[in-house]
Amino acid sequence: TMSGDLSTDINPLEIGCVDEAASAEPHKLLSHLFPSKIGGKPAWLALDQLPGEAQLRCCICSNRMTFLMQVYCPIESSVSATASDNADNNTDNDTFHRCLFFFMCSNGGCYGNVDKSSTPNAPVKVFRSQLARKNPYYPFEPPNYEASWSEIVKLIDAKQVFHPSSWQPLCALCGCPASGSEAVQCDDCSYKPGGLYCCKEHRDADATRRAEFCKLVDKQQHKMDGELLLRLWTLQSDLNDEQQFLHSNGRPLPELGLLIGPDPGNGMADDKIDMNRRFGDVPDDEVASDDANDSSSLSSENVDDDVDAAMEVADDGERRRQQQQSSPTPMHSTNQAGDAANIDAAAVADSEANRSFNEFAAGIEQLAAKETPALKQLAEFKRATRREPGQVFRYQRHGAPLLISDQSVAPAPACARCDAARQFECQITPQLLNWLPLNESPDSVGPDFGSVLVYTCSRSCPLAGELGNYAEEFVAIQYV
């Protein structure tokens, strides 16, 4: 399990990859199992005082945002906690459970503007939630992470695990709060809270799945047991094709698991090198041979071709020089015609060698012109991710982001709750876009980004009271 501590030490780098198999076991992605996952409904950590309706709208187009992913990232006991506190099963450590929740706007028109690429003007939002081990929502003892469907049903019936809507009304489709002015009830049944929707659009979009569920409720004579509650929460709506997600106003994405573990091959040491050279020059022999965009005229592949061509010219010139040096013109000769021929040959060799060197120099100048700062940064990003090219997420609290372009990143402001400095914690890589149903057409463009960088409160300050159980953190988006 990914975890960190509240010190300022750099945490080891960890990376996240998609787990497709997890979608076949949705009961293992529920809140009480503290999952990391992509899409579906949020498995909220704190089950009340959730982000409000206004917070879950895009600050650019005002559409409802779509739940993108969540990452379980607990932090070890606070450095300010006493030894007796820590010995008491961490009951006073309010970061014993901790999770980051990511929401994105599905309107592609909100992306690509560098003036609107950071909080509070970005089309991606991140909320932090955290709890002590002893809390109102979950048992003190760890759960059975391998529990079967039937075992979880028994836990629900025994009220040891609660349906998320038991604490706050949630939308049956997207899993976000359904208590705003636009909230509506299911037309076909009066079951509450599982029959609520955050808006009429979500109720209409969920009609087919909801009709099936209402029939089951009628069969049970409106007696909701654990089986029905679990089916209500985990049953996915048929809304996962590309066109339905585009401009979908908050409809859910397909649900996938997210596996997070150490970066392969001593990634921490390599990333320290990358951090130290973040804005420095990249040695020619380290330029990545592959390319992030094969269609780009400034692609790494084209640059490598130029390097190969220039080196071939240089090698040819060097061979000519060696041939000339291995057959020197004799200092004394009685054959004047032969001497003249040798002199002419040497002159020709010198001329060709100079021409070869000039061509090589021109090739290097051409390469230097093409290898822009943006291309250098992209090559560095590709080098750092090539050990695990499928990574969609990188986590290194107190570390430094792996930049994908030379675009400047807005400085993160202090925490809005406690005024402590914010520090880098994690980032989403562009590989995640490959897993999202983002079909672009002439009439509509899907979301697009290079990297989403997340900066959080360095103290991971307590969350409670009037400000709610979820704190919005700082996001900066880089575009390629």
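On a predicted model such as this, the values are computed, not experimentally measured, just so you know.
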Can you name the residues that form a salt bridge (charged side-chain N to carboxylate O under 4.0 Å, His left out) with R57, not counting sequence neighbours? E53, E182
Taking atom types as modelled, find out whether S117 and Q478 have a side-chain donor-acceptor pair closer than 3.5 angstrom. no
Option from P169, S179, P177, C174 for which side-chain contact (heavy atoms from CB on, under 4.5 Å) with C198 holds: C174
With K116, which residues qualify under salt bridge (charged side-chain N to carboxylate O under 4.0 Å, His left out), at least two apart? none
Criterion side-chain contact (heavy atoms from CB on, under 4.5 Å) against V161, the qualifying member of L30, L33, L230, I156: I156
Ring center gap for W44 and F101 short of 6.0 angstrom: yes
K125: salt bridge (charged side-chain N to carboxylate O under 4.0 Å, His left out) partners, not counting sequence neighbours: none
With F424 via ring pair (Phe, Tyr, Trp, His ring centres under 6.0 Å) - residues at least two apart: Y455
Quick one: are the ring centres of F102 and F127 less than 6.0 Å apart? no
Plane angle bin for Y137 and W167 - parallel if under 30°, tilted between 30 and 60°, otherwise perpendicular: perpendicular
Below 3.5 Å, can you tabulate the donor-acceptor pairs from side chains in residues 426-434 to any protein atom, sequence neighbours excluded?
unit_1, atom_1, unit_2, atom_2, d
Q427, OE1, L402, N, 2.8
Q427, NE2, L402, O, 3.1
Q427, NE2, S451, OG, 2.8
T429, OG1, Q391, O, 2.8
T429, OG1, Q431, N, 3.4
T429, OG1, Q431, OE1, 2.8
Q431, NE2, P389, O, 3.3

Sorted by chain and residue number, the side chain to side chain donor-acceptor pair (under 3.5 Å) partners of Q70 (sequence neighbours excluded) come out as none
Strictly under 6.0 Å, is that where the ring centroids of F103 and F67 end up? yes
